[in-house]
Number of protein chains: 2
Amino acid sequence: MKKIINQPEAVVDEMLAGLVFTHGNIVKRLNGSGVIVSQALQKNKVGLVSGGGSGHEPAHAGFVGKGMLSAAVCGPVFTSPTPDQVLEAIQVADQGAGVLLIIKNYSGDVMNFEMAQELAEMEDIQVATIIVDDDIAVEDSTYTAGKRGVAGTVLVHKILGAAADQGASLSEIKALADGIVPNIKTLGVALSGATAPEVGHPGFTLGEDELEFGVGIHGEPGYRKEKIMSSKELAKEIVSKLKEAFEWQAGDEFGLLVNGLGSTPLMEQYIFMNDVKALLAADDLKMTFKKVGDYMTAIDMAGLSLTMVKLNEPEWLGYLNHSVSTIAW
Amino acid sequence: MKKIINQPEAVVDEMLAGLVFTHGNIVKRLNGSGVIVSQALQKNKVGLVSGGGSGHEPAHAGFVGKGMLSAAVCGPVFTSPTPDQVLEAIQVADQGAGVLLIIKNYSGDVMNFEMAQELAEMEDIQVATIIVDDDIAVEDSTYTAGKRGVAGTVLVHKILGAAADQGASLSEIKALADGIVPNIKTLGVALSGATAPEVGHPGFTLGEDELEFGVGIHGEPGYRKEKIMSSKELAKEIVSKLKEAFEWQAGDEFGLLVNGLGSTPLMEQYIFMNDVKALLAADDLKMTFKKVGDYMTAIDMAGLSLTMVKLNEPEWLGYLNHSVSTIAW
């Protein structure tokens with residue numbers, strides 16, 4: 001294992017120390033814990049809390065700040081944070097208008113975030129939740145009942161964060177969340193496995209000329225292995241699956257996110273986006289929002305995913321374009 | 001070679017097509033060429049042009065926009081753009097107040113950018129140049145007489161871009177450039193080689209347990225190979241070399257940039273920054289500006305670099321913090 005680390009068991013602690021040192025104007029760390037909090041919390045606005053296992057940087061701490069998350073809970077690598085940690089984040093995020101938890105659909109996260117919700121409600125904090133399950137690759141998976149939550153979660157942070165920043169109430173934000181999540185879908189491809197520091201070797205391996213569609217962001221199995229193919233062919237497979245899932249019509253309006261999984265160069269991500277564009281243009285879709293880069297990674301996995309959000313309501317595009325002050329959006 | 005591309009010889013063209021599709025609000029492409037131009041050029045302000053071979057994304061196109069570069073010239077992978085292309089960029093960047101060329105110190109870039117300068121001057125465009133040679137690893141190198149220009153170049157874009165945005169004249173910006181470049185120094189470490197698409201295999205290889213200090217961003221040889229070591233030990237080596245080069249004193253003020261070379265996760269970059277911080281704090285340095293992420297990459301090379309800028313003048317920090325509208329700052 002070639003990694004720039006010290007003790008494998010200290011990676012999250014040291015990463016967060018480096019992160020708050022670097023971005024102390026945007027975020028702070030709660031008592032040396034895994035909770036990263038915005039420096040710009042606003043009284044009487046709804047707080048948004050997300051998080052999960054670490055290893056997906058910049059998610060989620062990179063999306064804490066004005067206009068997105070109030071706090072992110074950073075668990076051990078690929079492991080859910082405890083209910084106590086989530087509770088701490090809820091307590092600090094509550095500015096009198098309640099808190100919405102944005103949970104990626106993994107059994108551990110769902111259990112621990114919902115337990116924290118119960119604990120917070122016992123303290124009379126209003127809490128609502130949204131579970132993000134945007135990955136259309138497979139039903140049920142290694143750590144998941146139902147579909148997994150992946151890069152689309154970042155768009156959920158962005159859209160809900162803008163609404164919260166503009167003063168929406170908790171029930172309005174919950175309704176917005178219920179409206180957008182079914183309209184966000186993602187599919188990815190992996191070219192290599194990810195190596196968690198405490199494990200020391202890749203979670204799965206692929207042959208020198210192999211790739212796998214639909215691998216999860218913790219290395220969960222995908223739906224098909226294939227020989228390495230061109231970006232155009234990758235785009236065709238991924239777009240065709242998303243088309244099936246959305247059943248889109250000419251004229252439909254979408255936002256696009258090409259997300260690098262960790263070690264795939266930006267060059268390749270832009271090439272892939274160019275191929276996606278051609279396919280979607282051929283179907284006469286409106287593509288009014290686009291983003292490319294590493295947003296929800298799997299440590300050092302090579303590969304990328306395409307997230308599409310169907311922009312059913314005109315405000316959703318406004319929320320995506322609302323200005324923010326975060327580390328990584 | 002596992003890459004998400006189509007024809008290796010088309011990577012730059014397709015990447016730029018994807019880039020302008022994604023970020024059409026910030027940049028445009030000049031006639032399908034390798035010249036990426038800001039959508040926010042300002043009349044009677046000095047234009048800044050940089051560029052070089054591709055493969056260093058987000059550099060340099062990611063730094064085009066209000067407050068940084070007017071245009072970036074994107075050559076073939078690891079190959080200087082031609083004088084004609086640079087001339088086109090100068091012509092579009094000139095808004096009546098002249099143009100400064102920011103050139104990384106590689107023989108091909110220096111030759112072609114200076115040739116473009118001569119061509120532009122024949123058209124009565126005022127042009128000045130600054131050559132960035134921040135890499136302290138080695139004197140002279142595969143493609144370089146003198147020291148190489150690496151990640152510190154991005155800080156040059158930022159500082160000069162802010163001054164230009166605030167209305168400084170070409171001679172003022174040239175004087176500022178001459179003042180800051182000697183105060184910017186960088187040293188890096190590579191854990192793996194980079195694979196250029198048209199080459200198809202890594203430019204150099206390291207053993208499973210090996211790293212190399214001072215490798216260039218095109219895979220040029222560094223100054224020493226070692227067995228893999230901890231982040232703390234890496235930081236100690238790199239900081240000690242920078243300390244020798246700067247001869248810093250307690251109380252000196254610095255800006256820091258930890259730059260990922262392409263496939264090193266953010267997690268590791270923040271851990272390294274945390275170790276750098278401890279060493280610099282022990283020397284009582286003021287660290288008033290910090291940045292972590294992939295800014296000047298070498299395609300898919302694993303590794304990182306540390307850039308330090310000695311903030312001799314109070315305005316320099318202001319320039320670093322001046323707000324911009326670019327893809328990647």
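Just so it is clear, the structure is predicted and the values come from calculations on it, not from any experiment. Sequence lines set the chain letters: A, B, ... in the order given, protein chains first and strands last, and positions in each chain run from 1. All values below come from the heavy atoms of this structure, side chains included, with hydrogens, waters and symmetry mates left out.
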In Å, rounded to the nearest 0.5 Å, how long is the span from CD1 of A/I4 to OG1 of B/T264?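 One gets 5.0 Å once the value is rounded to the nearest 0.5 Å.
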
Are [X] and [Y] packed together at the side-chain level, in the sense that at least one heavy-atom pair is separated by less than 4.5 angstrom?
{"X": "B/S231", "Y": "A/I5", "result": "no"}
{"X": "A/K2", "Y": "B/D209", "result": "no"}
{"X": "B/L266", "Y": "A/T297", "result": "no"}

Considering all heavy atoms of both residues, which atom of B/D300 and which atom of A/P265 are nearest to each other, and what is their separation?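 Between these two residues, the closest heavy atoms are CB-CG, 4.0 Å.
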
Mind listing the closest non-hydrogen atom pair of A/M267 and B/S54 along with its distance?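 Smallest interatomic distance, heavy atoms only, reads CE-CB, 4.4 Å.
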
Segment of [X] engaging chain A (4.5 angstrom heavy-atom cut-off):
{"X": "B/D275", "value": "side chain"}
{"X": "B/V258", "value": "neither"}
{"X": "B/L191", "value": "both"}

Counting heavy-atom pairs closer than 4.5 Å to chain A, which one of B/L234, B/N274, B/I228 comes out on top?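 Ranked by heavy-atom pairs under 4.5 Å with chain A, first place is B/N274.
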
Identify which of [options] forms the greatest number of heavy-atom pairs closer than 4.5 Å to chain B.
{"options": "A/G62, A/G260, A/S263, A/G262", "result": "A/S263"}
{"options": "A/M229, A/E210, A/E233, A/K291", "result": "A/E210"}
{"options": "A/Q269, A/K277, A/M287, A/M273", "result": "A/K277"}
{"options": "A/E208, A/M1, A/Q7", "result": "A/E208"}

Under 4.5 Å from any heavy atom of chain B - which part of A/I299: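 Contact with chain B is through both the backbone and side chain of A/I299.
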
Let me know if A/V77 has heavy atoms under 4.5 Å from chain B in its side chain, its backbone, both or neither.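 Only the side chain of A/V77 comes within 4.5 Å of chain B.
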
Return the set of residues passing side-chain hydrogen bond (donor to acceptor under 3.5 Å, both in side chains) with B/K66 (not counting sequence neighbours), or none when no residue passes.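 In terms of side-chain hydrogen bond (donor to acceptor under 3.5 Å, both in side chains), with neighbours along the sequence ignored, B/K66 is linked to B/D165.
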
Sequence neighbours excluded, which residues qualify as side-chain hydrogen bond (donor to acceptor under 3.5 Å, both in side chains) partners of A/E57?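 side-chain hydrogen bond (donor to acceptor under 3.5 Å, both in side chains) list for A/E57, sorted by chain: empty.
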
Does A/F78 have any ring-ring contact (aromatic ring centres under 6.0 Å, His included) partners at least two apart in sequence or in another chain, and if so, which?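 With neighbours one apart ignored, the set is A/H56, A/H218.
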
Does atom NZ (A/K236) have a neighbourhood of more than 12 heavy atoms from anything else shown, all under 6.0 Å?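 Not more than 12 within 6.0 Å, no.
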
Between B/K232 (side chain only) and A/N6 (backbone N and O only), is there a donor and an acceptor less than 3.5 Å apart?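 Not at all, since once roles are kept as given, no pair shorter than 3.5 Å links the two residues.
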
Give me the contact list for residues 14-30 of chain A versus chain B, heavy atoms only, anything under 4.5 Å, ordered by residue number.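 From residues 14-30 of chain A, the residues near chain B are A/E14, A/M15, A/A17, A/G18, A/L19, A/F21, A/T22, A/H23.
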
Result of checking B/V12, B/D13, B/V11 against A/I271 for side-chain contact (heavy atoms from CB on, under 4.5 Å):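 It is B/V11; the other options fail the test.
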
